[in-house]
Amino acid sequence: MQRSVRLKSFELVARDINDVDVDLLHALSISVRWPHRPKDWDLLRRAGHGIVAVDGIGRVFGSAMWFPQGDDFATIGLVITTPRAQAQGGGRWLMDQVLEQCGDRNLALNATHAAYPLYVSLGFTNEAIVYMRQGQVQQTLPPLPVLDGELSELPSSGRLGEITELDARAFGTNRARLLALLSEDASIATLSRGGEVVGYSMCREFGRGHVIGPTIARNDQDAVHLTAVHLKKLAGRFARVDTREKDGVFAEFLQQSGLGIAETVTTMSKGRRFLNRESNGPWVYGLASHAWS
Ligand SMILES: CC(C)(COP(=O)(O)OP(=O)(O)OC[C@H]1O[C@@H](n2cnc3c(N)ncnc32)[C@H](O)[C@@H]1OP(=O)(O)O)[C@@H](O)C(=O)NCCC(=O)NCCS
């Protein structure tokens, strides 16, 4: 694998993403109008691996990250080339190296429109559309469906085991390590029926406000309640939910709560199929983030 690349007049080499100052990563994501704060990059770096393309004086021109989840699966994200160096082969060069690092793992990612042709050419295939919904949360939420079960808050010291197991059924892979990291700074709601946890949701600060996800539920009504718990506390503030629900009770609820569709991305996979929804089984209604699929 070629470890350096020439983009216009810049000779770039690949470095580990942990070797650069977080402010340079922040500047990179701002250059493509992404909302990540330095704190968000810190969490991403704790959660996964990655590379950056740097020039001889340490300027960062691109990034790509991957996140091992379980033994044989990984998600890819934070694939960025700074606008002045785009369309010169940098994105492909970064991806080739990340794919090499991922080895024979099955892979999934959420492709923006700009990156879609690149991933198709690398052998990724389409699975679903993700709707990025965001906006200022309404002061009064729309009427909620009847609650079936009991909502509670999971203490931060608390029983992550139960939600991790449920999450693995919905997500398809046990992502205990990622959930433990997210839980450090998230408020977590659970929904129980007959003493069994049947859904959960996390809410944490991200970008311009708060993101609600992962949200795991068995049906739209449960997902609405698990999301509303957090939205109630965010009235008038900026919130985001990434979901694959195009329409239905949950999508409608988000719309009426002030979270309109800002953008769509395409969930793609390489290797084994990623999304496998069981009828009546737990399902990912809200994504942890684009990078964690
Ligand atoms: C997506 C992105 C990383 C691509 O980076 P890049 O350095 O421009 O990519 P490359 O130059 O290696 O091009 C890769 C492929 O994209 C396509 N492409 C790139 N620039 C293009 C352009 N101006 N017009 C049409 N297609 C283009 C081509 O299919 C190209 O394939 P080729 O190698 O066969 O020509 C970059 O546009 C970017 O950072 N965008 C904003 C952030 C983003 O959306 N990231 C993706 C997250 S999933």
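Whatever order the structure lists ligands and atoms in, that order sets their numbers, starting from 1.
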Around [atom], find the nearest protein heavy atom and jot down its residue, atom name and distance.
atom: atom 16 (O) of ligand 1; answer: Leu118 CB, 4.2 Å
atom: atom 32 (P) of ligand 1; answer: Arg92 NH2, 3.4 Å
atom: atom 38 (C) of ligand 1; answer: Gln86 NE2, 3.3 Å
atom: atom 45 (N) of ligand 1; answer: Val79 O, 2.7 Å
atom: atom 20 (N) of ligand 1; answer: Ala87 CB, 3.4 Å
atom: atom 43 (C) of ligand 1; answer: Trp34 CZ2, 3.4 Å
atom: atom 2 (C) of ligand 1; answer: Thr81 OG1, 4.5 Å

Gly89 near ligand 1 by a heavy-atom separation under 4.0 Å: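 Under 4.0 Å: yes for Gly89.
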Whether Trp93 lies under 4.0 Å from ligand 1, heavy atom: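 No; Trp93 lies far enough from ligand 1 that no heavy-atom distance drops under 4.0 Å.
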Is [atom] touching the protein, meaning some protein heavy atom lies under 4.0 Å away?
atom: atom 35 (O) of ligand 1; result: no
atom: atom 25 (C) of ligand 1; result: no
atom: atom 13 (O) of ligand 1; result: no
atom: atom 9 (O) of ligand 1; result: yes

Of Thr227, Thr215, Thr243, Asp220, the residue whose pairing with Tyr285 passes side-chain hydrogen bond (donor to acceptor under 3.5 Å, both in side chains):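 For Tyr285, the side-chain hydrogen bond (donor to acceptor under 3.5 Å, both in side chains) test succeeds with only one of Thr227, Thr215, Thr243, Asp220, which is Asp220.
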Winner among Thr266, Leu109, Val120, Asn110 once heavy atoms are compared against atom 48 (S) of ligand 1: Asn110
Just wondering, are more than 12 heavy atoms of other shown residues or ligands nearer than 6.0 Å to [atom1] in [X]?
X: Glu150; atom1: CD; result: no
X: Glu165; atom1: CD; result: no
X: Asn280; atom1: CG; result: no

Geometric class of the His36/Trp41 ring pair [parallel <30°, tilted 30-60°, perpendicular >60°]: tilted
Short N-O contact, [X] and [Y], less than 4.0 angstrom:
X: Arg169; Y: Glu278; value: yes
X: Arg277; Y: Glu245; value: yes
X: Asp185; Y: Lys39; value: no

N/O donor-acceptor pair under 3.5 Å between Thr190 side chain and Tyr200 backbone: no
Side-chain donor/acceptor of Gln256 to backbone N/O of Pro142, under 3.5 Å: no
With heavy-atom distances below 4.0 Å as the criterion, list the atoms of ligand 1 near [X].
X: Thr112; value: 43 (C), 44 (O), 45 (N), 46 (C), 47 (C), 48 (S)
X: Gly91; value: 5 (O), 6 (P), 7 (O), 9 (O), 10 (P), 12 (O)
X: Ile80; value: 39 (O)
X: Pro117; value: 29 (O)

Val32 and ligand 1 - part of the residue with a heavy-atom distance under 4.0 Å: side chain
Region of Gln88 that comes within reach of ligand 1 [heavy atoms, distance under 4.0 Å]: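 For Gln88, the contact with ligand 1 is made by the backbone alone.
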Phe171 and Phe274: CA distance, side-chain angles, deciding distance, ring pair (Phe, Tyr, Trp, His ring centres under 6.0 Å) verdict: CA-CA 8 Å; Phe171 186 74; Phe274 167 50; 5.4 Å; yes
Non-hydrogen side-chain atoms of Phe67 and Arg175 separated by less than 4.5 Å: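 Not in contact.
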Contact check, side chains of Ser4 and Leu12, non-hydrogen atoms, under 4.5 Å: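 Side-chain contact under 4.5 Å: no.
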Ala85, any N or O under 3.5 Å of ligand 1 N or O: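 No, since none of the N or O atoms of Ala85 sits under 3.5 Å from an N or O of ligand 1.
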